[in-house]
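Structure first, commentary second.
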Amino acid sequence: MSRIEQTFLHLAQQKRKALIPFFTAGDPAPEYTVPMMHGLVEAGVNIIELGVPFSDPMADGPTIQRSSERALKHGVGLTRILQDVAEFRRTNQATPVVLMGYLNPIERMGYAKFAQAAQQSGVDGVLVVDYPPEEADEFVQQMRAHHLHCIFLLSPTSSPARINAVAKLASGYIYYVSLKGVTGAATIDLKEIAEKIPQIKNVVKLPIGVGFGIRDGATARAVSHISDAVVIGSRIVQEIEQSAPQDAVANVTRLVKQIRAEMDKP
């Protein structure tokens, strides 16, 4: 059983929901990536989504776009990020790490080389935003051969055909995009999410994490009542952006602890 599968199993036994934070590797500076990962674990997260900075994003709102720009100015790319994951694994063998980003950096490295390096570094899964399941067979086979989960996105506009396509390839969990827009948008429709998730679960037998538009503990708690996991990205990246670099880890840790406490209220 993989780390991701074990995580969701243990949480289900405890009747708790997963908290999955996202931040961009290399932001605010490369030396803070591993301390940020450890700070998030201290705050009570269950899986870490580590963003791979990219110059031409599609789904990222302005907050996360700026974080990629900051990381790219420091020269942070896949090789450095895999080194950071390996460093994190020296003292943490339990917390799953998912790389989230776009296809171009992986294609440049090569599927096989990337899969082998990701497995060796301790990565547990990949979420490639711009890789539709209809075209991802070869990629998924390479990842599976190295015991890496392929996590796919579904959204309010996902058709039955797209849901079925994802069901054939996805593993680990599903990332449900709660909004018809980019990351960091203002409000989410809890009623719509509550209606859509059972439809997806009729087809995809995996945990479902909900992201986009979750900015505080109250919303995270509400979403946790209708999903298996809560994904928070832009709010964390905003905290990093607004902090002095030396204070970013402490400030994010404090923020995420508050969200975790709200989610865990009886």
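- Nearest heavy atoms, Phe114 versus Met109: CA-SD, 3.5 Å.
- For Lys257, the side-chain hydrogen bond (donor to acceptor under 3.5 Å, both in side chains) partners two or more places apart in sequence, or in a different chain, are Glu42.
- Take Glu5 and apply the salt bridge (charged side-chain N to carboxylate O under 4.0 Å, His left out) test, not counting sequence neighbours, and it matches no residue.
- Here the side chain of Arg144 pairs a donor or acceptor atom with the backbone of Leu169 at under 3.5 angstrom.
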As a quick check of understanding, evaluate salt bridge (Lys or Arg N to Asp or Glu O under 4.0 Å) for Arg66 and Glu69, giving each step before the final call.
CA-CA 5 Å; Arg66 290 193 298 270; Glu69 291 167 3; over 6 Å; no
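- The line from CD1 of Ile236 to CG of Asn251 is 12.5 Å long, rounded to the nearest 0.5 Å.
- Side-chain atoms of Arg80 never come within 3.5 Å of backbone atoms of Ala25 as a donor-acceptor pair (strictly under, hydrogens ignored).
- Applying the side-chain hydrogen bond (donor to acceptor under 3.5 Å, both in side chains) criterion to Arg16, with sequence neighbours excluded, gives Gln14, Asp264.
- Contact record, Ile81 with Pro53: CD1-CD, 3.6 Å, taken as the closest heavy-atom pair.
- Gln141 pairs by the side-chain hydrogen bond (donor to acceptor under 3.5 Å, both in side chains) definition with nothing, not counting sequence neighbours.
- Under a 3.5 Å cut-off, the side chain of Arg3 and the backbone N or O of Gln93 do form a donor-acceptor pair.
- Residues passing the ring-ring contact (aromatic ring centres under 6.0 Å, His included) test with Phe139 are Tyr111, Tyr131, sequence neighbours excluded.
- In this structure, Thr95 contributes its side chain and Ile47 its backbone to no donor-acceptor pair below 3.5 Å.
- With sequence neighbours excluded, no residue forms a ring-ring contact (aromatic ring centres under 6.0 Å, His included) with Phe23.
- At distances below 3.5 Å, not a single donor-acceptor pair connects side-chain atoms of Ser158 with backbone N or O atoms of Ile163.
- Counting only distance, with no hydrogens or angles, the side chain of Asp124 and the backbone of Val97 share a donor-acceptor pair below 3.5 Å.
- In this structure, CD on Gln83 lies 11.5 Å from OG1 on Thr33, to the nearest 0.5 angstrom.
- Among residues two or more places apart in sequence or in another chain, the side-chain hydrogen bond (donor to acceptor under 3.5 Å, both in side chains) test is passed with Arg70 by Asp27, Glu241.
- Counting only heavy atoms from C-beta outward, the side chains of Phe22 and Ser234 never approach each other to under 4.5 Å.
- Atoms CD1 and CD1, on Ile200 and Ile193 in that order, are 10.0 Å from each other to the nearest 0.5 Å.
- Among Asn46, Val256, Asn92, the one residue that satisfies the side-chain contact (heavy atoms from CB on, under 4.5 Å) test with Val41 is Asn92.
- Contact record, Gly217 with Ile259: N-CG1, 4.0 Å, taken as the closest heavy-atom pair.
- Distance check, rounded to the nearest 0.5 Å: CE of Met36 to CG of Asp84 gives 12.0 Å.
- A search for salt bridge (charged side-chain N to carboxylate O under 4.0 Å, His left out) contacts involving Arg108 returns nothing, not counting sequence neighbours.
- A search for salt bridge (charged side-chain N to carboxylate O under 4.0 Å, His left out) contacts involving Lys265 returns Glu262, not counting sequence neighbours.
- For Tyr173, the ring-ring contact (aromatic ring centres under 6.0 Å, His included) partners at least two apart in sequence or on another chain are Phe8.
- Partners of Lys15 by salt bridge (charged side-chain N to carboxylate O under 4.0 Å, His left out), not counting sequence neighbours: none found.
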What donor-acceptor contacts under 3.5 angstrom involve side-chain atoms of residues 222-230, with partners at least two apart or in another chain?
{"residue": "Ser224", "atom": "OG", "partner": "Arg221", "partner atom": "O", "Å": "2.6"}
{"residue": "Ser227", "atom": "OG", "partner": "Val223", "partner atom": "O", "Å": "2.9"}
{"residue": "Ser227", "atom": "OG", "partner": "Ala229", "partner atom": "O", "Å": "3.0"}
{"residue": "Asp228", "atom": "OD1", "partner": "Lys201", "partner atom": "NZ", "Å": "3.2"}
{"residue": "Asp228", "atom": "OD2", "partner": "Lys201", "partner atom": "NZ", "Å": "2.7"}
{"residue": "Asp228", "atom": "OD2", "partner": "Ile208", "partner atom": "N", "Å": "2.8"}

